[in-house]
Q: 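Let me begin by handing over the structure; questions about it come next.
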Amino acid sequence: MKVVIVGGVAGGATAAARIRRLDEHARIIVFERSGYVSYANCGLPYYIGDVITDPEDLTLQTPESFFSRFRVDMKVHHEVTAIHPERKTVSVKNLETGQEFEESYDKLILSPGARPTQPRLPGVGIDRLFTLRTVEDTLRIKTYIDKHNPGSAVLAGGGFIGLELAENLRETGMDVTIVQRPKQLMNPFDADMASMIHGEMRKYGVKLALGYTVEGFEEKEEGVDVLLKDSEPLHADMVVLAIGVTPDTTLAKEAGLELGIRGSIVVNDRMETSMPDIYAIGDAVQVKHYVTGEDALISLAGPANRQGRIAADNICGGDSRYPGSQGSSVIKVFGLTAAVTGINETNAKKAGLDADTVILSPLSHAGYYPGGKVMTMKVVFEKKTYRLLGAQIVGAEGVDKRIDVLAAAIHAGMRATELKDLDLAYAPPYSSAKDPVNMAGFMIDNIAGGMLKQWHLADMEKLPHDGSITLLDVRTKEEFEDGHIEGFINIPVDELRERLGEIEKEKPVYVICQSGLRSYIASRILEGNGYEAWNFSGGFRFYDAVMHDRVPIGTAYACGMDK
């Protein structure tokens with residue numbers, strides 16, 4: 001059997017190695033148009049920021065090492081220019097010599113990945129405008145920085161690459177601005193959770209121009225102007241486009257393969273395309289979202305690796321199936337870690353799901369053990385069924401552990417109420433006897449049992465101010481005086497039983513505290529004494545973080561520029 005693989009990196013290299021492990025006698029050829037067959041895409045920003053100092057550390061395998069161990073012919077600087085399904089060959093061009101030839105296959109795997117999205121704007125292609133996707137892109141940016149020592153950069157796009165690159169450039173002392181049309185960074189997060197990411201970026205001096213439309217670029221003698229719609233241009237020494245990626249599927253389109261959303265390659269759960277003996281994997285393929293079942297594009301290394309293994313299994317006579325992508329991801333943002341899995345509340349409602357959430361702010365480990373750090377968790381679930389839909393966490397420590405537990409729970413089809421039953425490891429330096437994931441489960445179980453009624457930040461503007469409800473803040477007097485929401489009265493939770501006479505029993509009581517715990521206790525006290533009580537999800541800390549980010553866009557930009 002002869003297998004040709006178009007593209008290396010995560011999916012193609014994984015498929016090649018797996019095929020060899022399953023079939024010692026298969027002939028395997030990988031054509032990679034770049035000079036690198038297997039490299040760490042996710043590490044590229046950290047090389048630019050000198051966190052990773054040796055470029056060889058980014059290269060996971062070389063053609064020589066791959067051949068030595070797996071007897072796979074890794075042909076770099078070879079571009080596949082056409083696929084001929086009718087005669088089962090591909091056209092190949094050697095980019096070093098210009099030689100062109102055809103290579104036959106029994107099975108073909110397409111792993112072309114995705115290319116940086118290039119908007120059709122004036123000025124795209126100028127010398128000081130860069131993209132970051134490949135090792136070559138990285139070396140080009142690093143060489144420019146080392147040679148010209150730029151003092152400022154504008155990054156167009158606020159996704160994973162944009163944030164990682166912003167942090168690394170900022171750590172070198174460069175003045176950094178992120179500009180993009182959406183009014184929040186990191187779209188996998190809900191806007192309320194993204195506000196904490198905004199705060200951390202601004203804290204470290206990254207300027208945010210959110211809600212601005214880039215209309216083009218102009219090269220100046222002293223740098224680049226980023227032209228903005230209805231606003232003054234941003235000026236910088238260099239610009240990096242990080243507005244996302246587009247499936248690189250020209251070959252598939254020209255060969256007549258079925259295409260899906262944004263031109264991605266349609267595959268079944270065996271990673272088979274619409275043409276016999278042709279498989280496709282990685283960032284170029286359309287997948288099913290594991291939670292919603294809808295078609296999706298999810299460009300992550302983990303899914304690409306698993307898809308490569310599945311295609312290899314099926315080529316070698318197995319029957320492996322890809323269940324869909326869940327979108328689990330994590331990012332370092334200066335001193336914070338932000339992580340997400342499944343779908344957020346916004347997308348759940350867009351998908352027509354009747355979703356609810358709990359928001360909590362537990363410590364990363366036992367409170368009596370020194371060094372615990374607050375994290376904010378938002379868990380999304382479906383009302384009535386309590387199906388677990390997704391989670392977002394922002395914090396300093398322990399975020400990755402909790403998001404992985406929640407990702408596994410979603411994959412296992414657990415109900416959100418069952419999180420309370422998980423038997424998770426505990427020692428004071430690492431967790432609490434009631435782990436944050438368990439705590440989320442307790443809260444959702446209380447909702448299911450009718451013990452907890454919530455009101456959310458989205459309800460704030462709808463609350464009547466005609467005296468028909470009571471607004472109650474149960475924090476201490478000192479906390480209340482440090483900052484509170486207009487219209488709330490202050491009765492500390494430990495004084496509540498003695499001061500119930502100050503609250504009218506015929507009115508619903510909307511309760512808030514710092515994190516949501518004391519207000520829950522207060523709600524139970526009130527309910528036990530014949531009141532109708534509603535607990536604010538997330539607490540004043542969460543409210544304050546979100547509302548501090550909700551200033552007019554022009555003001556937000558100006559504030560960011562001053563920091």
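It should be emphasised that the depicted structure is a prediction, and the values quoted were computed from it without experimental measurement.
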Q: Are any of the side-chain heavy atoms of S325 and L300 separated by less than 4.5 Å?
A: no
Q: Determine whether S91 and T81 satisfy the following criterion, side chain to side chain donor-acceptor pair (under 3.5 Å), listing intermediate values before the conclusion.
A: CA-CA 5 Å; S91 296; T81 57; 4.6 Å; no
Q: Got a sec: does the CZ of R181 have more than 12 other heavy atoms crowding it under 6.0 Å?
A: no
Q: Any side-chain heavy atom of R402 sitting closer than 4.5 Å to one from D435?
A: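 Yes; the side chains approach each other to less than 4.5 Å.
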Q: Cation-pi check, R69 to F67: give yes when NZ or CZ is under 6.0 Å from the six-membered ring centre and within 45° of the ring axis, no otherwise.
A: no
Q: For a 4.5 angstrom cut-off between non-hydrogen side-chain atoms, does K288 reach D295?
A: yes
Q: Does a side-chain heavy-atom distance below 4.5 Å link V90 with L251?
A: no
Q: For residues D192 and S195, report the shortest heavy-atom separation together with the two atoms involved.
A: O-OG, 2.5 Å
Q: Among all residues two or more places apart in sequence or in another chain, which pass the side-chain hydrogen bond (donor to acceptor under 3.5 Å, both in side chains) test with K401?
A: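 Testing K401 for side-chain hydrogen bond (donor to acceptor under 3.5 Å, both in side chains), a comparison that skips the adjacent residues, returns none.
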Q: Has the side chain of H198 got a donor or acceptor atom that lies under 3.5 Å from a matching backbone atom of L185?
A: yes
Q: Could you check whether any side-chain heavy atom of T134 comes within less than 4.5 Å of a side-chain heavy atom of S34, counting everything from C-beta outward?
A: no
Q: Which pairs with one or both residues in residues 7-23 pass salt bridge (charged side-chain N to carboxylate O under 4.0 Å, His left out), sequence neighbours excluded?
A: R18-D313
Q: Taking the side chain from Q180 and the backbone from G158, do they hold a donor-acceptor pair closer than 3.5 Å?
A: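 Answer holds: yes.
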Q: Donor-acceptor pair, distance only, cut-off 3.5 Å: does the side chain of R387 make one with the backbone of V291?
A: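 Present.
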Q: Got a salt bridge between D248 and R115, using NZ or NE/NH1/NH2 to carboxylate O under 4.0 Å?
A: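 Here D248 pairs with R115 in a salt bridge, since their nearest N and O are under 4.0 Å apart.
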Q: Quick one, L165 with I48, criterion side-chain contact (heavy atoms from CB on, under 4.5 Å). Give me CA distance, side-chain angles, the key distance, then yes/no.
A: CA-CA 8 Å; L165 186 56; I48 292 171; 3.9 Å; yes
Q: Under 3.5 Å, is there a donor-acceptor pair between the side chain of E397 and the main chain of S364?
A: no
Q: Could you tell me which non-hydrogen atom of Y290 sits nearest to which non-hydrogen atom of P323, and how far apart they are?
A: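 Shortest heavy-atom separation between Y290 and P323 comes out as CD1-O, 3.5 Å.
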Q: Closer than 3.5 angstrom, by distance alone: can the side chain of D137 be matched with the main-chain N or O of R133 as a donor-acceptor pair?
A: yes
Q: Looking at L259 and I265, what are the two nearest heavy atoms and their distance?
A: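 Residues L259 and I265, closest heavy atoms: CD2-CA, 4.1 Å.
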Q: Can you find a heavy atom in the side chain of P119 that is under 4.5 Å from one in the side chain of I243?
A: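 Yes, at least one pair of side-chain atoms sits under 4.5 Å.
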Q: I need the I29 CD1 to K75 NZ distance, nearest 0.5 Å.
A: 6.5 Å
Q: What residue pairs, at least two apart or across chains, pass salt bridge (charged side-chain N to carboxylate O under 4.0 Å, His left out) with a residue in residues 337-347?
A: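 For residues 337-347, and leaving out neighbouring residues, the salt bridge (charged side-chain N to carboxylate O under 4.0 Å, His left out) pairs sorted by first residue read E345-K349, E345-K378.
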Q: Taking all heavy atoms of H365 and all of Y430, pick out the closest pair and write down the distance.
A: CB-C, 3.6 Å
Q: Considering only distance and modelled atom types, tabulate donor-acceptor pairs under 3.5 Å from the side chains of residues 409-426, sequence neighbours left out.
A:
{"unit_1": "E418", "atom_1": "OE1", "unit_2": "R415", "atom_2": "N", "d": "2.8"}
{"unit_1": "K420", "atom_1": "NZ", "unit_2": "T417", "atom_2": "O", "d": "3.3"}
{"unit_1": "Y426", "atom_1": "OH", "unit_2": "Y368", "atom_2": "OH", "d": "2.8"}

Q: State which residues pass salt bridge (charged side-chain N to carboxylate O under 4.0 Å, His left out) with K93; sequence neighbours excluded, sorted by chain then number.
A: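 For K93 there are no salt bridge (charged side-chain N to carboxylate O under 4.0 Å, His left out) partners, ignoring immediate neighbours.
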Q: Side chains of D459 and F536: does their closest heavy-atom pair fall under 4.5 Å?
A: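 The answer is no, as the side chains (C-beta and beyond) never meet within the 4.5 Å cut-off.
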Q: Search all heavy atoms of S264 against all heavy atoms of V285 and return the closest pair with its distance.
A: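 Heavy atoms of S264 and V285 come nearest at CB-C, 4.0 Å.
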Q: Apply the test side-chain contact (heavy atoms from CB on, under 4.5 Å) to residues T89 and S104: give CA-CA distance (whole Å), side-chain angles for both, the deciding distance (0.1 Å), then the verdict.
A: CA-CA 4 Å; T89 66; S104 64; 4.1 Å; yes
Q: How would you list all residue pairs meeting ring pair (Phe, Tyr, Trp, His ring centres under 6.0 Å) that involve residues 378-409, not counting sequence neighbours?
A: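 Non-adjacent pairs meeting ring pair (Phe, Tyr, Trp, His ring centres under 6.0 Å): F381-Y386.
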Q: Quick one: does any side-chain atom of E200 pair with a main-chain N or O of G335 as donor and acceptor, under 3.5 Å?
A: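 The answer is yes, because a donor-acceptor pair under 3.5 Å joins these two groups.
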Q: Mind listing the closest non-hydrogen atom pair of L297 and P247 along with its distance?
A: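 Reported closest heavy-atom pair: CD1-CG, 3.9 Å.
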Q: How long is the gap from OG1 on T346 to CZ on F189, to the nearest 0.5 Å?
A: 12.5 Å
Q: So, taking the atom named CG in D190 and the one named CD1 in I359, what distance separates them when rounded to the nearest 0.5 Å?
A: 8.5 Å
Q: Once salt bridge (charged side-chain N to carboxylate O under 4.0 Å, His left out) is applied, what residue pairs with a partner in residues 296-309 remain, sequence neighbours excluded?
A: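 Output for this query is empty, none listed.
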Q: Could you work out, with side chain to side chain contact (heavy atoms under 4.5 Å, CB included) as the rule, every residue matching R541, not counting sequence neighbours?
A: S361, V374, Q514, S515
Q: My understanding is that only residues two or more places apart in sequence, or in another chain, count here; which of them pass salt bridge (charged side-chain N to carboxylate O under 4.0 Å, His left out) with D106?
A: none
Q: Quick one: list whatever passes salt bridge (charged side-chain N to carboxylate O under 4.0 Å, His left out) with K350, sequence neighbours left out.
A: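 Listed in chain order: nothing, the list is empty.
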Q: Tell me if a side-chain donor or acceptor on Q307 pairs with a main-chain N or O of G282 at a distance below 3.5 Å.
A: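 Answer holds: yes.
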Q: Please check if the number of heavy atoms outside K434 that lie under 6.0 Å from its NZ is greater than 12.
A: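 Atom NZ in K434 is not packed in, count stays at 12 or less.
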Q: Scan residues 302-344 for pairs that pass ring pair (Phe, Tyr, Trp, His ring centres under 6.0 Å), counting only residues two or more places apart or in two chains.
A: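 For residues 302-344, and leaving out neighbouring residues, the ring pair (Phe, Tyr, Trp, His ring centres under 6.0 Å) pairs sorted by first residue read Y204-F334.
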Q: State, yes or no, whether a side-chain contact exists between D356 and H456 at a heavy-atom distance under 4.5 Å.
A: yes
Q: In terms of heavy-atom contacts, does NZ of K332 have more than 12 from other residues, nucleotides or ligands at under 6.0 Å?
A: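 Count over threshold, so yes.
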Q: Is there a donor-acceptor pair closer than 3.5 Å between any side-chain N or O of Q184 and the backbone N or O of M186?
A: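 Pair found, side chain donor or acceptor close to backbone of M186.
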Q: What's the spacing between R321 CZ and N314 CG if we round to 0.5 Å?
A: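 Atom-to-atom, R321:CZ and N314:CG are 7.0 Å apart.
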Q: Can you tell me which residue among D277, I278, V6, I19 is in a side chain to side chain contact (heavy atoms under 4.5 Å, CB included) with I109?
A: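 Only one of D277, I278, V6, I19 forms a side chain to side chain contact (heavy atoms under 4.5 Å, CB included) with I109, namely I19.
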Q: Would you check if the side chain of T249 reaches a backbone N or O of G263 as a donor-acceptor pair within less than 3.5 Å?
A: yes
Q: Drop me the distance from D319's CG to D269's CG, to the nearest 0.5 angstrom.
A: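 Spacing of CG (D319) from CG (D269) equals 8.0 Å.
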Q: Which pairs would a plain distance check flag for residues 439-450, meaning a side-chain donor or acceptor within less than 3.5 Å of a matching protein atom at least two apart in sequence or in another chain?
A:
{"unit_1": "N446", "atom_1": "ND2", "unit_2": "F442", "atom_2": "O", "d": "3.4"}
{"unit_1": "N446", "atom_1": "ND2", "unit_2": "Y520", "atom_2": "OH", "d": "3.1"}

Q: Side chain of K107, backbone of M1: donor and acceptor closer than 3.5 Å?
A: no
Q: Kindly compute the distance separating CG (L208) from CG (L155), expressed to the nearest 0.5 Å.
A: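 Going from CG on L208 over to CG on L155, the span is 10.5 Å.
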